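Okay, so here's the structure we're looking at.
Given the structure is predicted, the values throughout are model-derived calculations rather than measurements.
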Amino acid sequence: MEPCSCDTFVALPPATIDNRVIFGKNSDRPCDEVQEVVYFPAAVHDNLKEHLKCTYIEIDQVPETYAVVLSRPAWLWGAEMGANEHGVCIGNEAVWGREKVCDEEALLGMDLVRLGLERGDTAEKALNVIVDLLEKYGQGGNCSEGRMVFSYHNSFLIADRNEAWILETAGKYWAAEKVEEGVHNISNQLSITTKIDREHPEMRNYAKQRGWWDGKKEFDFAATYSYLDTAKMMISPGRYCEGYKLLNKHKGNITFETMVEILRDKPSGINMEGEFLTTASMVSVLPQDSNLPCIHFFTGTPHPERSVFKPFIFVPNISQLLDTSSPTFELEDSVKKKLQFNIKPDRRHPLYQKHQEALEILDNKMEKAKTMLDNMSKLEKELFKEMESILQNKHLHVDKIVNPFHQCTEDEIRIYKSNVSS
């Protein structure tokens with residue numbers, strides 16, 4: 001059993017209401033890891049001789065990058081999940097299989113999430129970005145800060161206003177499945193079987209060379225590149241199957257509120273607790289009507305059932321999200337020494353700090369806990385109602401919307417402060 005688990009979901013019409021694509025992800029990471037929500041504006045890069053420094057390696061820069069909002073472990077360059085100004089959303093999952101995981105430093109799957117968002121203005125273009133970079137630079141390196149060695153291959157769920165793509169990798173080899181309607185989810189296993197819409201040109205030949213496929217029977221990517229019995233994949237116990245059941249339970253009536261509830265579900269294991277827990281969550285609503293804005297909800301804190309999903313909208317003149325941005329540390333000798341002794345720098349951002357203080361109250365003081373949770377629920381319901389009114393207003397101009405994320409974060413912190421200090 002690998003010490004990691006994430007779950008990413010997508011629902012498309014007719015599984016949703018009002019012609020919307022709904023995306024969601026729980027990021028399940030080490031319990032002491034801080035995840036921040038950060039915004040990077042669009043940029044033009046004139047000096048292409050300057051390389052781009054990702055988490056471990058440098059790569060070629062491109063002339064233009066799109067504005068992105070990311071939820072990411074605060075120590076690295078990439079992201080666990082995020083969205084760009086064109087309504088593209090990406091979440092990744094750790095996967096393992098027959099192909100050996102590379103421990104050498106290359107691009108992390110989380111780097112590829114950010115690169116896909118910065119360089120792709122549709123889901124399929126983001127997929128192209130990821131597979132091209134995978135071929136050129138490879139994937140690998142430690143996915144954990146500190147001494148714990150934690151490496152894996154990656155799968156990705158990439159969505160836009162019109163369609164979604166499932167991209168699953170094994171080293172440099174990959175397969176992709178297009179999703180145009182209904183529901184789909186990915187977890188910590190390969191899930192593409194015989195419906196393969198795009199693939200690495202040498203993916204099947206490599207499998208034959210390794211003796212994983214005889215070249216005669218129908219090619220099944222998950223069965224070939226992992227140890228799964230794909231015939232039992234949809235009935236086996238586990239989060240992949242449980243997530244699929246939750247999506248199908250609401251099929252035809254899925255809203256962004258539905259996706260929030262799925263991410264908060266504990267009996268299924270989707271909302272994780274323990275040494276690896278749900279450290280941050282994201283839900284996006286992508287209207288197929290391009291006149292309406294995409295809205296992206298982030299927690300920026302662990303325990304989605306004890307967090308507020310706060311809306312982010314790409315509008316002009318967005319200021320930095322200071323309350324969900326972690327302190328930055330130059331890798332000076334003192335920081336390097338701390339990491340050698342497994343002492344991590346304090347990366348808690350203001351919202352995370354107040355959220356952690358509030359968790360102690362939730363665990364120890366029942367009356368205060370009820371008041372605080374009621375206030376959080378009230379704030380979130382008001383936010384959801386306000387966002388729904390924006391989505392229903394067919395004539396609303398994006399440039400007239402004030403981005404609500406900063407104000408919502410301040411309101412959430414205020415709730416925590418009032419209960420901690422009282």
(request) Step by step, work out the salt bridge (Lys or Arg N to Asp or Glu O under 4.0 Å) result for Glu242 and Lys245. (result) CA-CA 5 Å; Glu242 292 301 316; Lys245 287 179 184 175; 3.5 Å; yes

Sequence-distant partners of [X], side-chain hydrogen bond (donor to acceptor under 3.5 Å, both in side chains), two or more places apart:
| X | result |
| --- | --- |
| Thr258 | Thr255 |
| His406 | Glu410 |
| Thr224 | none |
| Asp346 | Arg348 |

(request) In sequence, state the C-alpha distance, the side-chain angles, and the governing distance for Glu388 and Lys385, and then conclude on salt bridge (Lys or Arg N to Asp or Glu O under 4.0 Å). (result) CA-CA 5 Å; Glu388 183 60 39; Lys385 185 178 179 180; over 6 Å; no

(request) Compute the centroid of each ring, for Trp165 and then for Phe156, and state whether the two points are separated by less than 6.0 Å. (result) no

(message) Apply salt bridge (Lys or Arg N to Asp or Glu O under 4.0 Å) to residues Glu36 and Arg347 and explain how you reach the verdict.
(response) CA-CA 9 Å; Glu36 60 179 352; Arg347 300 190 185 278; over 6 Å; no

(request) Go through Glu412 and His355 one step at a time and tell me if the side-chain hydrogen bond (donor to acceptor under 3.5 Å, both in side chains) criterion holds. (result) CA-CA 9 Å; Glu412 186 180 1; His355 182 267; 5.3 Å; no

(request) Enumerate the residue pairs fulfilling salt bridge (Lys or Arg N to Asp or Glu O under 4.0 Å) with a member in residues 98-109, sequence neighbours excluded, ordered by first and then second residue. (result) Glu99-Arg210

(message) Considering only residues two or more places apart or on different chains, which pairs with a residue in residues 55-95 satisfy ring pair (Phe, Tyr, Trp, His ring centres under 6.0 Å)?
(response) Tyr66-His86

(message) When you measure from the side chain of Lys53 to the backbone of Thr55, do you find a donor-acceptor pair of N or O atoms at a distance under 3.5 Å?
(response) yes

(message) Any heavy-atom pair between the side chains of Glu273 and Lys266 that's under 4.5 Å?
(response) yes

(request) Quickly, which of Arg29, Gln35, His303 forms a side-chain hydrogen bond (donor to acceptor under 3.5 Å, both in side chains) with Thr279? Name it, please. (result) Gln35

